[in-house]
Engineer: 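Sharing a structure with you now.
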Amino acid sequence: MFALADCNNFYPSCERLFRPDLEGRPIIVLSNNDGCVIARSNEAKALGIPMGLPFFKLDPKQRRQMVVYSSNYALYGDLSRRVMQVLTTFAPRIEVYSIDECFLDLSGVADPIGEGQRIARTVRQWTGIPVSVGIAPTKTLAKLANRLAKKGQSPDGPVLDWSRLEDPAATLAGIAVEDVWGIGQRWGKRLRALGIADALAVRAAEPRWLRQQFGVVLERLGWELRGRSCLPLAALQPPRQQILVSRSFGAAVSTLPALRAAVTRFATRAGEKLRAQGRCAPALTVFIQTDPFDPARPFYANALTLPFAIPTQDSAALIRQAIRGIERLFRPGDAYRKAGVLLPDLRAAEPGPSDLFADPIADQAAARRMAALDAINRRFGRDTLRVASEMIGTGWQRRAGRMSPSSTTRWSALPTVRAC
DNA sequence: TCTGGGGTCCTAGGACCC
DNA sequence: TCTGGGGTCCTAGGACCC
């Protein structure tokens, strides 16, 4: 038995936490550079604001009705951690599936609905974030159950138990094929062309035929809709296979120093993630691209992968390689809009030299340097210590003009409460 | 003027091995 | 005239997720 706990409109709910006056008002949250709408409150959805809408295309009249936020990942990440921490107390095994979703193993629970209600109530009370809970014998059905609960189609409030549905077939028939977890636009189109337009039709399809037509992924999905679990709970997070840090720039960048500064930042961040995961990188890919939407100039995008003699965890090595790469990719005269650093093919960081010609003394010194850097930044805040080459060029930093305070992760942003 | 970021899995085909 | 069988590894591309 699986439960899926999914936070309702997570980012807007986070924003409301310290702004209870925003309850009932339409809220949208924007992507990096305040580019696109990436989250909406129910009120904003009701106004017809689509997901992914470029913010500048929102008509000014609607914009004025809306409370608009830049995304504040420090806030969302911290609140997510708190929600997951509460969920941990409800099941022996949980799978944190995304920033706002978590599967729980409810096997053996006598009263799943009661338990689901306790989960929703406790998360709400302890963190202030509203959640819905879908319960079912497979993850795919739990996803659907959760969706129905969110739409208010459950007699049990924020909780819906699939096995208690009066007419599951009719329910499945009411779910468009693209709304099933694992079926996107492409497959949705192909399925529709084959006469399969809703979840019920997917369930009715012969799983072996689904495999023939689409591969094993869709076959599993077919079984899951039939109530046979094929997607186990992944309680242990497998280590990352790659780390990507990339950003669109706040403005077009056409100078090498600014690009060096940007990739220094990206490589630094990639190094932090790498060490936090206990992984090391055998190579580094750096990429840049110009504005893909500018009809006046040709689009240019290029990437370069540079190997390390020995897989590394050292930010200094990552940065050197990233700068070397960007200098080779750079073409004078181009106006770049985006760059990034990718660490592919990660492997476990193993102690000791792994190469006959390695310099163990220097390696240990580098490891200690990185450990000190991470410890200082952890204690005093990210970016307390930075690499100088990050600061020699500007103009690439993101725009985020509507950011709320990081009320749970910065002392200076602690809210003040006045008693009257 | 203004268009996000970060991941995973599966499959097919080619190269190569014995 | 006739030309095996069984396997691994790697990569690129396509699909998906939030």
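Every chain is numbered from 1 and lettered A, B, ... according to where its sequence line falls, protein lines coming before strand lines.
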Engineer: Looking at A:Lys143 and A:Glu101, does any basic side-chain N land under 4.0 Å from a carboxylate oxygen?
Structural biologist: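 So A:Lys143 pairs with A:Glu101 through a salt bridge.
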
Engineer: To the nearest angstrom, how far is A:Glu178 atom CD from C:dC18 atom P?
Structural biologist: 14 Å

Engineer: Give the nucleotide from the list C:dC16, C:dC18, B:dG7 with an atom nearest to the side chain of A:Ser98.
Structural biologist: C:dC18

Engineer: Check the phosphate of B:dC10 against A:Arg220, side-chain N and O only, distance under 4.0 Å to OP1 or OP2. Yes or no?
Structural biologist: yes

Engineer: Could you give the distance separating C:dC18 and B:dT3 at their P atoms, to the nearest angstrom?
Structural biologist: 25 Å

Engineer: Once you round it to whole Å, what is the distance between P of B:dG5 and CD of A:Gln242?
Structural biologist: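 To the nearest whole Å, that distance equals 16 Å.
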
Engineer: Which whole-number value in Å describes the distance from A:Glu95 CD to B:dT8 P?
Structural biologist: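 In whole Å, B:dT8 P lies 14 Å from A:Glu95 CD.
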
Engineer: Roughly how many Å is it from OH in A:Tyr76 to P in B:dG6, rounded to a whole number?
Structural biologist: 16 Å

Engineer: Under 4.0 Å between a side-chain N or O of A:Gln185 and OP1 or OP2 of C:dC16?
Structural biologist: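 No.
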
Engineer: Give A:Leu30 one of three labels, base, sugar-phosphate or nothing, depending on what nucleic acid heavy atoms sit under 4.0 Å from its own.
Structural biologist: nothing

Engineer: Just checking, any donor-acceptor pair under 3.5 angstrom between side chains of A:Ser248 and A:Asn33?
Structural biologist: no

Engineer: Please check: side-chain N/O of A:Gln313 versus main-chain N/O of A:Met370, any donor-acceptor pairing under 3.5 Å?
Structural biologist: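 Side chain of A:Gln313 to backbone of A:Met370, a donor-acceptor pair under 3.5 Å: no, none is there.
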
Engineer: Please report the distance, rounded to the nearest Å, between CD in A:Gln241 and C1' in C:dC10.
Structural biologist: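 Answer to the nearest Å: 14 Å.
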
Engineer: Out of B:dT11, B:dG6, B:dG7, which has the shortest distance to the side chain of A:Val245?
Structural biologist: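 Within the option list, the nearest is B:dG6.
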
Engineer: Just the atom pairs and distances: protein N or O near nucleotides 2-4 of chain B's N or O, under 3.5 Å.
Structural biologist:
| from | atom 1 | to | atom 2 | distance (Å) |
| --- | --- | --- | --- | --- |
| B:dT3 | OP1 | A:Arg337 | NH2 | 2.7 |
| B:dG4 | O4' | A:Ser31 | OG | 2.9 |
| B:dG4 | O3' | A:Asn32 | ND2 | 3.4 |

Engineer: Between A:Leu218 (CG) and C:dA15 (C1'), how many Å, whole number?
Structural biologist: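 Atom-to-atom, A:Leu218 to C:dA15, this comes out as 11 Å.
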
Engineer: Could you tell me whether A:Phe214 contacts a base, only the sugar-phosphate backbone, or nothing, with contacts defined as non-hydrogen atoms closer than 4.0 Å?
Structural biologist: nothing

Engineer: With nearest nucleotide decided by heavy atoms, which residue, A:Gly215 or A:Leu342, maps closer to the 5′ end of DNA chain B?
Structural biologist: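 First, find each residue's nearest nucleotide; the 5'-ward one identifies A:Leu342.
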
Engineer: For A:Leu53, answer base if it contacts any base atom (sugar-phosphate contacts may also be present), sugar-phosphate if it contacts only those atoms, and nothing otherwise; contact means non-hydrogen atoms under 4.0 Å.
Structural biologist: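 No contact.
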
Engineer: Would you say A:Asp34 and A:Ser70 are linked by a side-chain donor-acceptor pair, where the criterion is simply a distance under 3.5 Å?
Structural biologist: yes

Engineer: Once you round it to whole Å, what is the distance between P of B:dC9 and CG of A:Leu221?
Structural biologist: 17 Å

Engineer: State, without any angle test, whether A:Arg164 and A:Ser154 hold a side-chain donor-acceptor pair at a distance under 3.5 Å.
Structural biologist: no

Engineer: Rounding to a whole Å, what distance do you find between A:Glu101:CD and B:dG7:C1'?
Structural biologist: 14 Å

Engineer: Check A:Lys150 with A:Asp6, please: is the shortest side-chain N to carboxylate O separation under 4.0 Å?
Structural biologist: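 Yes, this pair counts.
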
Engineer: Would you say B:dG7 has OP1 or OP2 under 4.0 Å from some side-chain N or O of A:Lys273?
Structural biologist: yes

Engineer: Given Watson-Crick or G-U pairs with both distances under 3.5 Å, what dot-bracket string fits DNA chain B, with | for other-strand pairs and [ ] for crossing?
Structural biologist: ....||||||||||||||

Engineer: Scan for salt bridge (Lys or Arg N to Asp or Glu O under 4.0 Å) pairs involving residues 50-76 of chain A, sequence neighbours excluded, and state none if there are none.
Structural biologist: none

Engineer: Can you find a side chain N or O atom of A:Lys143 that sits less than 4.0 Å from OP1 or OP2 on C:dC16?
Structural biologist: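 Negative; the distance criterion is not met.
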
Engineer: Are any of the side-chain nitrogens in A:Asp334 or A:Arg331 under 4.0 Å away from the carboxylate oxygens of its partner?
Structural biologist: yes

Engineer: Determine whether a donor-acceptor pair (N or O, by modelled atom type, separation under 3.5 Å) exists between the side chain of A:Glu95 and the backbone of A:Ala234.
Structural biologist: yes

Engineer: Nearest to the A:Arg240 side chain among B:dT8, C:dC16, C:dC18, which nucleotide is it?
Structural biologist: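 Selected nucleotide: B:dT8.
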
Engineer: Identify which one of A:Val263, A:Ile323, A:Thr268 satisfies the side chain to side chain contact (heavy atoms under 4.5 Å, CB included) criterion when paired with A:Ser389.
Structural biologist: A:Ile323

